[in-house]
Amino acid sequence: MTNPKRGEMLLSLGDQKFPVKITMDVIMRIETSVGKGILKIAQGLSEGDMSATSMVAILTPILRTTGKDYSEKEVSGKTGLRKA
């Protein structure tokens, strides 16, 4: 069971679902990886103006909240994403 008030959500990627938690640490890691503030990132996502590289940089720290240390290679689909 997820609790959105605590930043918990169920992330669906293809036919897999991952219980993730968005924390300030995750947001800071995303900002650092992408090189933009979270509001600019959100704007780019809503406008469909985001590169695949940026999407991997966003998804990797989010997926790591499942407890598995996913690599960017796994997230990009080069080796396949396995559930934690």
Side-chain angles (χ1 to χ4, degrees):
M1 187 80 171
T2 60
N3 183 347
K5 292 180 182 179
R6 293 179 41 194
E8 299 169 353
M9 60 185 350
L10 199 57
L11 176 64
S12 297
L13 296 173
D15 61 349
Q16 297 183 51
K17 296 186 185 313
F18 301 86
V20 298
K21 185 172 183 179
I22 309 299
T23 63
M24 286 303 293
D25 181 61
V26 170
I27 291 170
M28 290 187 303
R29 289 175 191 273
I30 291 169
E31 290 177 335
T32 300
S33 295
V34 177
K36 296 179 185 177
I38 197 67
L39 294 178
K40 290 276 188 190
I41 293 168
Q43 181 180 8
L45 288 168
S46 71
E47 294 173 356
D49 185 25
M50 192 64 57
S51 69
T53 303
S54 293
M55 290 301 300
V56 170
I58 293 166
L59 288 170
T60 301
I62 293 171
L63 285 167
R64 286 180 178 160
T65 67
T66 64
K68 185 173 187 296
D69 189 20
Y70 288 107
S71 69
E72 287 189 357
K73 188 181 276 190
E74 288 174 300
V75 175
S76 68
K78 293 180 182 171
T79 62
L81 196 57
R82 306 265 191 267
K83 282 182 134 177

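Positions are given from 1, in the same order as the sequence printed here. Hydrogens, waters and symmetry mates play no part in the numbers below; they use all other heavy atoms, side chains included. This one's a predicted model, so the numbers in the text were calculated from it and none came from an experiment.
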Checklist outcome for this item: Residues passing the salt bridge (Lys or Arg N to Asp or Glu O under 4.0 Å) test with Asp49, sequence neighbours excluded, are none

Next on the checklist: Same cluster or not: Leu45 versus Val75, using hydrophobic residues (I, L, V, M, F, W, Y) connected whenever any side-chain heavy atoms lie under 4.5 Å apart?
Outcome noted: yes

Checklist entry - In terms of hydrophobic clustering (I, L, V, M, F, W, Y; side-chain heavy atoms under 4.5 Å; direct or indirect links), are Met9 and Leu13 co-clustered? => result yes

Checklist outcome for this item: Here the gap from Ile22 atom CD1 to Ile62 atom CD1, rounded to the nearest 0.5 Å, amounts to 4.0 Å

Checklist entry - Is the count of non-hydrogen atoms from other residues, nucleotides or ligands lying under 6.0 Å from Met50 atom CE greater than 12? => result yes

Return all side-chain donor-acceptor pairs below 3.5 angstrom for residues 35-44, not counting sequence neighbours, or 'none' if the list is empty.
| from | atom 1 | to | atom 2 | distance (Å) |
| --- | --- | --- | --- | --- |
| Gln43 | NE2 | Glu47 | OE2 | 3.3 |

Next on the checklist: Ser46: which residues meet the side-chain hydrogen bond (donor to acceptor under 3.5 Å, both in side chains) condition with it, sequence neighbours left out?
Outcome noted: none

Checklist entry - side-chain hydrogen bond (donor to acceptor under 3.5 Å, both in side chains) with Asp69: which residues, sequence neighbours excluded? => result Arg64

Checklist entry - Closest heavy-atom contact between Ser71 and Glu74? => result N-OE1, 2.8 Å

Checklist entry - Has the side chain of Glu8 got a donor or acceptor atom that lies under 3.5 Å from a matching backbone atom of Thr2? => result no

Distance-only criterion, 3.5 Å: show the donor-acceptor pairs between side-chain atoms of residues 54-61 and protein atoms not counting sequence neighbours.
| from | atom 1 | to | atom 2 | distance (Å) |
| --- | --- | --- | --- | --- |
| Ser54 | OG | Ser51 | OG | 3.1 |
| Thr60 | OG1 | Val56 | O | 2.7 |

Checklist outcome for this item: So the side chain to side chain donor-acceptor pair (under 3.5 Å) pairs with at least one residue in residues 23-32 (sequence neighbours excluded) are Asp25-Arg29

